[in-house]
Amino acid sequence: MVKIFIDPGHGGSDTGALGNGLKEKDLTLTIATNVRSILLTEYNDVSILMSRMSDETVTLTQRTDAANTWGADYFLSIHINAGGGTGYEDYVYPGTTAPTTTYQTNMHNEIMKLITLTDRGRKSANFHVLRESHMPAILTENGFIDTSSDAALLKSASHLDKVARGHVNGLVKNFNLTKKVTATYHTVVSGDTVYALSIQYGSTVQQIKDWNKLDSKYTIIVGQVLRVK
Ligand SMILES: [Zn+2]
């Protein structure tokens with residue numbers, strides 16, 4: 001079981017950055033909860049703890065204490081930038097080595113593959129959550145709330161979905177997460193005509209040859225149902 005601690009930046013009385021009618025604390029929670037639900041729905045053997053699940057005030061020390069006490073394998077802190085720039089960047093603690101740097105490269109590349117923001121590069125900074133967490137940690141800055149072109153993307157649900165999916169893909173690469181079996185359910189009755197049966201594991205479709213194993217969990221492609229219990 002891989003334990004991922006997800007930290008939506010700011011919250012409650014700490015709004016984080018503001019701009020273009022957006023609040024950083026809302027965007028970080030949206031992205032973080034999306035990352036969490038994708039991981040729990042689609043992947044095996046992953047456990048998630050969030051520093052907050054709603055709009056509440058949580059101190060930086062409470063965040064790192066929670067991750068350290070839980071014994072997280074990875075600390076993922078999600079933020080939105082401000083200050084008049086544009087683009088995506090991420091941070092690790094200065095001087096950190098592998099696997100933290102390898103994880104950063106994977107997260108960075110997987111996120112950049114899916115979004116259209118400018119690539120500002122992989123960086124390091126002495127941030128509390130990176131310094132005080134006792135496990136590999138990353139902080140992502142997902143565009144500038146006070147730059148109108150970045151803010152336009154941050155207002156788009158499909159962009160935020162891509163941001164979340166990019167974070168997930170990075171985590172999948174870092175921890176070799178495997179996809180849950182997706183079963184397609186069909187109702188069949190004796191005498192139905194089918195030609196083949198398959199079951200899908202992630203992107204792999206396995207052909208089912210033992211016709212006696214036929215049950216409603218298998219996808220019917222084509223063949224004949226001789227017997228249905
Ligand atoms: Zn922030």
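No experiment lies behind these values; they were computed from the predicted model shown. In listed order, ligands and their atoms are each counted from 1.
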note = Near the Zn ion (ligand 1) (protein N/O/S, cut-off 2.8 Å, waters excluded) we have H10 NE2, E24 OE2, H79 ND1
Identified side chain to side chain contact (heavy atoms under 4.5 Å, CB included) counterpart of L154 within the set N20, D26, T147, L27 = L27
task = Could you label the plane-to-plane angle of the Y74 and Y103 rings as parallel, tilted or perpendicular, counting under 30° as parallel and over 60° as perpendicular?
result = perpendicular
request  = Check I111, N34, I38, L177 against V168 for a side chain to side chain contact (heavy atoms under 4.5 Å, CB included) and give me the one that passes.
outcome  = I38
request  = Check for a donor-acceptor pair, side chain of T69 on one end and backbone N or O of A66 on the other, with a separation under 3.5 Å.
outcome  = no
query = Sub-3.5 Å donor-acceptor pair from the side chain of N142 to the main-chain atoms of H79, do we have one?
reply = yes
message = I'd like to check the salt bridge (Lys or Arg N to Asp or Glu O under 4.0 Å) partners of E110; sequence neighbours left out, ordered by chain and number.
response = K113, K173
